[in-house]
Q: 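Below are the structure tokens for one structure; questions will follow.
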Amino acid sequence: MDYSKTLNLPRTDFPMRANLPQREPEILKFWEEHDIYRQVQEANKGKPKFILHDGPPYANGHIHLGHTLNKILKDIIVKYHSMNGYDAPYVPGWDTHGLPIEQQAIKDLGLNRRAIDVVEFRNRCRDYALKYVNIQREEFKRLGVRGDWEHPYLTLEPEYEAIQIGIFGEMAKKGYIYKGLKPVYWCTDCETALAEAEVEYGERRSPSIYVKFPVVDARGLFEAEGSFIVIWTTTPWTLPANVAIALHPEFKYVLVQVGDERYLMAAELYRQVLELLAIKDYQVVAAFTGAELEGVLCRNPLMDRDSVVILGEHVTLEQGTGCVHTAPGHGLEDYEVGMRYNLPVLSPLDDRGHFTPEAGQFAGLFIEDGNKAVVKELEARGALLHFSFIKHQYPHCWRCKHPVIFRATEQWFASIDGFRQQALAAIKEVKWIPAWGEDRIYNMVAERSDWCISRQRTWGVPIPIFYCVDCGKEIINDATISHLQELFREFGSNVWFAREAQDLVPEGLKCPACGGREFRKETDIMDVWFDSGSSHAAVLTTRPELGWPADLYLEGSDQHRGWFNSSLSTAVATRGRAPYRQVLTHGFLVDEEGRKMSKSLGNGIDPADVIREKGADVLRLWVASADYRRDVAASPGIMQQLTEAYRKIRNTCRFLLANLYDYDPEKDRISREEMLEIDRWAMDKLQRLVGRVTQAYEDYEFHVVYHTIHNFCAVDLSAVYLDIIKDRLYTWPAASRGRRSAQTVLYETINVLVRLLTPILAFTTEEIWRYLPATPGKPVSVQLAGWPQVQDEYLDDELQARWDKILQVRDVVTRALERARQEQGLGNSLNAAVHLYPDSGLYRFLQPLEEELATIFIVSLAVLHSPGEEAPATAFAAEDLPGLKVLVEMAPGEKCERCWMVSPTVGRDTDHPTLCKRCAAVLRQA
RNA sequence: GGGCUUGUAGCUCAGCAGGUGAGAGCGCACGCCUGAUAAGCGUGAGGUCGGUGGUUCGAGUCCACCCAGGCCCA
């Protein structure tokens, strides 16, 4: 007879192999059909809100692993909160304006920016952006991210744009917006000003020149005639704009006699400069502090203009001469120090980087040629002391990769000074996670200069300002702004470009300065950071399901300078506080060596590949497994590891499901009092799991969730509990109290696990959910299931301590079994009879358990010897448990065909001669 | 160069306010099982806690410096 038919062996259709790449799309369809986002929102109506405000990714290109990390983290947080007591809406958004889209649109569509109509061009840009919104939306959905994908927010939407110019108007009203001539990064190729965020540093070869400026008035400190101040620069083309030479007030400067000329340089640097100039005969004839030299007048060697000695702390001794050529039109530090001395801001260049007539003989030359011409002229005039080239880090345009310049132009600025103190105070009200984020943004805001909002481009929100044609006065007030907001709401910001100024101003507008009635409009558009920085107002205040401020912003740590900062600025300027209560940041992606992911290193991981090969849940598990507060590593090896971990979790769940095929939670549930002790132990472990994991979710520490759950599955369940209870599940009568007791634990466990895992393994838990025994009111989706609560009645510290010790003994026994396997060819542990020789303390502990020991060790017989009995010399002893010796022998009797235990009782039952007493009884009972 | 930050076994992470020979899981090696089976179980080998120098009776844990990374900025 085949007795295996009489066993309660595991039974399930839940597949062992996940086959995620195929299965996930089906589940996505299921969510879509059931409109799961809507259902969850409905179910959570009225609960306290938890609002995570999505930072809008840029609608350009496919998503990469960085997006993946960010969006999955957000999804984990949203799903956790929506399961555990909150109404947690998630409205995704996209950043849709800006130069990169403009350039891609030009490139992809073969547009000629100058030939095409502005509105038409903007429409093409819009189409391009929307195309990528759709692409990215599908890609984000494929990750299992749940949100209001049908109603995302887009910075190009009319309503959004209307609110954005409202913010601008508000800031203007408070006097935070001004027009200034200021050096900004300027790309001569793109012909636009660039924000600091739009330049990147890279190596470049530049000329390196030493130039002598003749002194014309030494203020009586030394003889002017024949004296020169020596400067060093890597940008000869800026010399025509030179108006000053900066010295450090506290440095020592010396006057060095060389032939019949005298050169002024920093005392610490003159030797190396003279060496470079190959001058060996010289003599120091005088010394001054920088402060003493303030006001000395030189002559610009190129232009008919003076160059005055000024003082600045920014002067260093690292390179050059300690005398810094200063052109306020071409450098920020120069500009700032120049302001203190009321120096003119000269910038004799046009948009394309060609000198204007203001540059005299250099007019018309491009900067590169300007460099050569300047050097040549200096040489001709005898002012050039030395010329060579150096390689150094230099800013480049992030789009076209051309080197950028500093150039003073008319720009609209937001004055950070206007609300800096408020911003700093607002920062302190926010909870920054990790805490150092506060220092980072605080220092940044404390030191940042004014925000240049102007962009000389077309794909963006126009700066909503009019000018009086008669007197040139700029006009922006409540009337113009609200009128424009109406127009924008109706027609979008395209209306600004489609209509003449006369058709954009509110009726009856008069210039407040001269009463003029003719206007022209500003042509600059806003920095895209102003777009996304307005999202808190444009999104949180306009949607009924949201609210202001947000509970949480969650982005990469680079956004301290980006979105966190721009959002803070617009919020503080208009509302006086930060738009977020908490800001959580994650690190960046690196490979296993900790190096950043880059095309040149070839170490990138494409999320699409991972999804295709392993599934999105593996990607989600990867996100959960990493401590994302620091940099996050990704590599094929790491993904493989997560695949293994995934399988362990999946198979553990499968085993639980497979042993519940005949369990009805309504009828078969066993109470704690009736449970076997080891089952109570497992229930206790489960409660502790719920507690730890819930706390970890609360703390946003998902790697703790991952490790805790994985460890629970691998150790507590798979290696210990499940292994031990197999005999009971399989061989005991199906409806016996013992088997139902174990099944009750399995049912509780899978119910808890599937919920705890739902924020992370979005797809797999949905699949598991379908295999759980149906109960009244079971929701269609696990995402609608509640969060497990710790059941205090199962917590029992004494029980835990007791089982820690039992498992310690078990650990020694398994080692003894292993030795027996090696030395005696034991094989299956059920072949063994284990003899325990404990000391008296351990004996007292084990004695009450004697009957259970064989089961716990998964052997056929366990014999507990009294403390008096001497263990045979061959017995196994473990150092870590000195009170115990273990002897392993072959178990006496025959192997029972049904339960595989070896027992002397096999053969005694006439009906079942190949079964042990226990199995025979089970069959008779059935 | 500046601001912020990271560096514990091959990998992902623990190491609580400094104190018995540094832990877990995975992976790996070897073995067992074949009633979780493209599964399950066991045993074992892996670490100068980035480096150096300090403080201390005692440091992975405090301080300084250095090295190698990361984000942002010059």
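Everything numeric here is computed off the predicted structure, so don't read it as measured data. Labels below follow one simple rule: chain letters A, B, ... track the order of the sequence lines, proteins then strands, and each chain is numbered from 1.
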Q: Please measure how far the C1' atom in B:rC28 lies from the corresponding atom in B:rG10, and state the result in whole Å.
A: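 Between the two C1' atoms, the distance is 8 Å.
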Q: Should B:rA59 form a Watson-Crick or G-U wobble pair with both distances under 3.5 Å, which nucleotide is its partner?
A: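 When the pairing criteria are applied, nothing turns out to pair with B:rA59, so the answer is none.
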Q: So, is A:His703 close to the B:rA14 phosphate, meaning a side-chain N or O under 4.0 Å from OP1 or OP2?
A: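 So the side chain of A:His703 is within the cut-off, an N or O lying under 4.0 Å from OP1 or OP2 of B:rA14.
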Q: Please classify the nucleic acid contact of A:Arg448 as base, sugar-phosphate, or nothing, using heavy-atom distances under 4.0 Å.
A: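 The residue A:Arg448 makes no contact with any strand.
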Q: For A:Arg448, does the CZ atom have more than 12 heavy-atom neighbours from other residues, nucleotides or ligands under 6.0 Å away?
A: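 Yes.
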Q: Using atom C1' in both nucleotides, what's the gap between B:rG27 and B:rA45 to the nearest angstrom?
A: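 Taking atom C1' in both B:rG27 and B:rA45, they lie 13 Å apart.
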Q: Report the relative orientation of the aromatic rings in A:Trp436 and A:His560; use parallel for angles under 30°, tilted for 30 to 60°, perpendicular for over 60°.
A: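 Rings of A:Trp436 and A:His560: tilted, 30 to 60°.
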Q: What is the distance, rounded to the nearest whole Å, between atom CE of A:Met901 and atom P of B:rG35?
A: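 Between P of B:rG35 and CE of A:Met901: 17 Å.
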Q: Looking at the side chain of A:Arg654, which of B:rG35, B:rA36, B:rU5 is the nearest nucleotide?
A: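 My answer, after comparing the listed nucleotides, is B:rA36.
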Q: Can you tell me whether the side chain of A:Arg440 and the base of B:rC71 have a donor-acceptor pair closer than 3.5 Å?
A: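 In this structure, the two groups form a donor-acceptor pair.
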Q: Indicate, with a heavy-atom threshold strictly under 4.0 Å, whether A:Arg819 touches base, sugar-phosphate, or nothing.
A: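 Counting heavy atoms under 4.0 Å across all strands, no contact is made by A:Arg819.
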Q: Whole angstroms only, please: what is the OH-C1' distance between A:Tyr661 and B:rG35?
A: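 Atom OH in A:Tyr661 sits about 11 Å away from atom C1' in B:rG35.
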Q: From CD of A:Gln695 over to C1' of B:rA14, roughly how many Å is that when rounded to an integer?
A: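 From A:Gln695 CD to B:rA14 C1': 17 Å.
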Q: Judged by each residue's nearest nucleotide on RNA chain B, which is more toward the 5′ side, A:Thr652 or A:Asp627?
A: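 Closer to the 5' end of RNA chain B: A:Asp627.
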Q: Determine the contact category for A:Gly594: base if any of its heavy atoms lies under 4.0 Å from a base atom, sugar-phosphate if only primed atoms, P, OP1 or OP2 are that close, otherwise nothing.
A: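 Here A:Gly594 touches the backbone only, sparing every base.
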Q: Determine the contact category for A:Gln559: base if any of its heavy atoms lies under 4.0 Å from a base atom, sugar-phosphate if only primed atoms, P, OP1 or OP2 are that close, otherwise nothing.
A: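 Counting heavy atoms under 4.0 Å across all strands, no contact is made by A:Gln559.
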Q: Do the rings of A:Tyr706 and A:His710 sit parallel, tilted or perpendicular, given the 30° and 60° boundaries?
A: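 Parallel.
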Q: I need a per-nucleotide contact map over nucleotides 20-31 of chain B, read 5' to 3'. Cutoff is protein heavy atoms under 4.0 Å; write B for the base, S for backbone only, - otherwise.
A: ----SBBS---S
Q: Both distances under 3.5 Å, Watson-Crick or G-U wobble: report the partner of B:rC49, or none.
A: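 No nucleotide pairs with B:rC49.
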Q: Taking the side chain of A:Arg595 as its heavy atoms from C-beta onward, which of B:rA68, B:rC33, B:rC13 lies nearest to it?
A: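 Nearest nucleotide to the side chain: B:rA68.
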Q: At under 4.0 Å between heavy atoms, what does A:Gly587 touch on the DNA or RNA strands: base, sugar-phosphate, or nothing?
A: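 Counting heavy atoms under 4.0 Å across all strands, no contact is made by A:Gly587.
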Q: Starting the side chain at C-beta, find the nucleotide from B:rG35, B:rU12, B:rA39 nearest to A:Ile638.
A: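 For the A:Ile638 side chain, the nearest candidate turns out to be B:rU12.
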Q: What I want to check is whether the side chains of A:Trp232 and A:Ser208 have a donor and an acceptor closer together than 3.5 Å.
A: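 Short answer, yes.
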Q: Quick one: A:Leu830 CG to B:rC33 C1', roughly how many Å, whole number?
A: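 It works out to 10 Å between those atoms.
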Q: Quick check on the 6.0 Å ring-centre criterion: do A:His64 and A:His67 meet it?
A: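 Here the rings of A:His67 and A:His64 have centres that are less than 6.0 Å from each other.
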Q: List every contact pair, protein side and nucleotides 7-9 of chain B side both N or O, where the distance is under 3.5 Å.
A:
{"unit_1": "B:rG7", "atom_1": "OP1", "unit_2": "A:Arg630", "atom_2": "NH1", "d": "2.9"}

Q: Anything under 30° is parallel, anything over 60° is perpendicular, the rest tilted; go ahead and classify A:Tyr663 against A:Tyr747.
A: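 Tilted: the ring planes of A:Tyr663 and A:Tyr747 meet at 30° to 60°.
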Q: Nearest to the A:Asp811 side chain among B:rU43, B:rG70, B:rU12, which nucleotide is it?
A: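 Closest nucleotide to the A:Asp811 side chain: B:rU43.
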Q: Kindly determine whether A:His912 and A:Tyr3 satisfy ring-ring contact (aromatic ring centres under 6.0 Å, His included), including the steps that lead there.
A: CA-CA 10 Å; A:His912 304 288; A:Tyr3 285 109; 5.7 Å; yes
Q: Can you tell me if CD on A:Gln800 sees more than 12 non-hydrogen neighbours from other groups inside 6.0 Å?
A: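 Enclosed.
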Q: State whether A:Arg650 and A:Glu767 are salt-bridged, where the test is any N-O pair (Lys NZ or Arg NE/NH1/NH2 against Asp/Glu carboxylate O) under 4.0 Å.
A: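 Salt bridge: yes.
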Q: Expressed in whole Å, how much space separates the C1' atoms belonging to B:rG60 and B:rG19?
A: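 Pairwise C1' distance, B:rG60 against B:rG19, rounds to 13 Å.
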Q: By the 4.0 Å heavy-atom rule, please label A:Asn831 as base, sugar-phosphate, or nothing.
A: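 No contact at all - A:Asn831 keeps every heavy atom at 4.0 Å or more from the nucleic acid.
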Q: Measure distances between side-chain N and O atoms of A:Thr12 and base N and O atoms of B:rA36, and say whether any donor-acceptor pair falls under 3.5 Å.
A: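 Result: no qualifying N/O pair found.
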Q: Toward the 5' end of RNA chain B, which comes first, A:Lys596 or A:Met16, by nearest nucleotide?
A: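 Per heavy-atom nearest nucleotide, the more 5' residue is A:Met16.
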Q: In terms of base orientation, is B:rG51 syn or anti, with the syn window spanning 90° either side of 0?
A: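 What B:rG51 shows is an anti base, its glycosidic angle lying more than 90° from 0.
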Q: Checking all strands, does A:Asn443 fall into the base, sugar-phosphate, or nothing category for heavy-atom contacts under 4.0 angstrom?
A: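 Since only primed, P, OP1 and OP2 atoms lie under 4.0 Å of A:Asn443, the category is sugar-phosphate.
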Q: Within the 4.0 Å heavy-atom criterion, would you say A:Trp622 contacts the bases, only the backbone, or no part of the nucleic acid?
A: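 Here A:Trp622 touches no strand at all.
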Q: May I ask you to establish whether A:Lys685 and A:Tyr721 are in a cation-pi arrangement, using a distance under 6.0 Å from NZ or CZ to the six-membered ring centre and at most 45° from the ring axis?
A: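 Judged by the rule, A:Lys685 and A:Tyr721 form no cation-pi pair.
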Q: What is the separation between atom CD on A:Glu592 and atom C1' on B:rC11, rounded to the nearest whole Å?
A: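 Spelled out: CD on A:Glu592 to C1' on B:rC11 is 6 Å.
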Q: Base, sugar-phosphate, or nothing for A:Thr814, non-hydrogen atoms under 4.0 angstrom?
A: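 The answer is sugar-phosphate, as A:Thr814 gets under 4.0 Å only of primed atoms, P, OP1 or OP2.
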Q: By the 4.0 Å heavy-atom rule, please label A:Glu593 as base, sugar-phosphate, or nothing.
A: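 The answer is nothing, as A:Glu593 stays clear of every strand by at least 4.0 Å.
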Q: Just to be sure I understand the rule, does A:Ser635 reach a base, reach only the sugar-phosphate, or reach nothing, if contact means heavy atoms closer than 4.0 Å?
A: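 Nothing, no heavy atom under 4.0 Å.
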Q: With both distances kept under 3.5 Å, what pairs with B:rU43, Watson-Crick or G-U wobble?
A: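 B:rA29 - that is the nucleotide pairing with B:rU43, both distances being under 3.5 Å.
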Q: Quick one: look up who B:rG1 pairs with, Watson-Crick or G-U, both distances under 3.5 Å, and put none if it's unpaired.
A: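 WC or wobble partner is B:rC73.
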Q: Under a 3.5 Å cut-off for both contacts, is B:rA36 paired Watson-Crick or G-U wobble with anything, and if yes, with which nucleotide?
A: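 The base-pairing partner of B:rA36, which may sit in any strand shown, does not exist here.
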Q: Would you name the heavy atoms of A:Arg620 and A:Pro759 that are closest together and state the gap between them?
A: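 For A:Arg620 versus A:Pro759, the nearest heavy atoms are NH2-O, 2.9 Å.
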Q: Looking for any heavy atom pair under 4.0 Å, which part of the strands does A:Ala719 touch: base, sugar-phosphate only, or nothing?
A: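 Counting heavy atoms under 4.0 Å across all strands, the contact made by A:Ala719 is with sugar-phosphate only.
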Q: Could you tell me whether A:Leu7 contacts a base, only the sugar-phosphate backbone, or nothing, with contacts defined as non-hydrogen atoms closer than 4.0 Å?
A: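 If one applies the 4.0 Å heavy-atom cut-off, A:Leu7 turns out to touch a base.
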Q: For B:rG7, give the paired nucleotide (Watson-Crick: N1-N3 plus N6-O4 or O6-N4; G-U: N1-O2 and O6-N3; both under 3.5 Å), or none.
A: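 Its partner is B:rC67 (Watson-Crick or G-U wobble, both distances under 3.5 Å).
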Q: To the nearest angstrom, how far is A:Gln824 atom CD from B:rU43 atom P?
A: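 My rounded result for the distance is 17 Å.
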Q: Whole angstrom is fine here: how far is it from CG in A:Asn8 over to C1' in B:rG35?
A: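 To the nearest whole Å, that distance equals 11 Å.
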Q: With a 6.0 Å cut-off on the ring centroids, do A:Tyr335 and A:His330 count as close?
A: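 Between A:Tyr335 and A:His330, the centre distance exceeds or equals 6.0 Å.
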Q: As a quick check of understanding, evaluate side chain to side chain donor-acceptor pair (under 3.5 Å) for A:Glu447 and A:Asn443, giving each step before the final call.
A: CA-CA 6 Å; A:Glu447 285 161 27; A:Asn443 290 341; 5.8 Å; no
Q: Grab the CZ-P distance between A:Arg815 and B:rC41 for me, whole Å please.
A: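 So the two atoms are 18 Å apart, to the nearest Å.
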Q: Is there a side-chain polar atom (N or O) of A:Ser829 under 4.0 Å from OP1 or OP2 of B:rC32?
A: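 No, no such contact exists.
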Q: Please work out which residues in residues 720-732 of chain A have a non-hydrogen atom less than 4.0 Å from an atom of RNA chain B and list them by number.
A: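 Close to the strand are A:Asp723, A:Lys726, A:Tyr730.
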Q: Can you give me the closest heavy-atom contact between A:Gly604 and A:Met597, atom names plus distance?
A: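 For A:Gly604 and A:Met597, the tightest heavy-atom pair comes out as CA-SD, 3.8 Å.
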Q: One thing to verify: whether A:Arg739 and A:Asp727 come together as a salt bridge, which I'm taking to mean a side-chain N less than 4.0 angstrom from a carboxylate O.
A: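 Salt bridge between A:Asp727 and A:Arg739, a charged N being under 4.0 Å from a carboxylate O: no.
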Q: Centres of the A:Tyr553 and A:Trp563 rings: under 6.0 Å?
A: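 Aromatic pair counts; centres sit under 6.0 Å.
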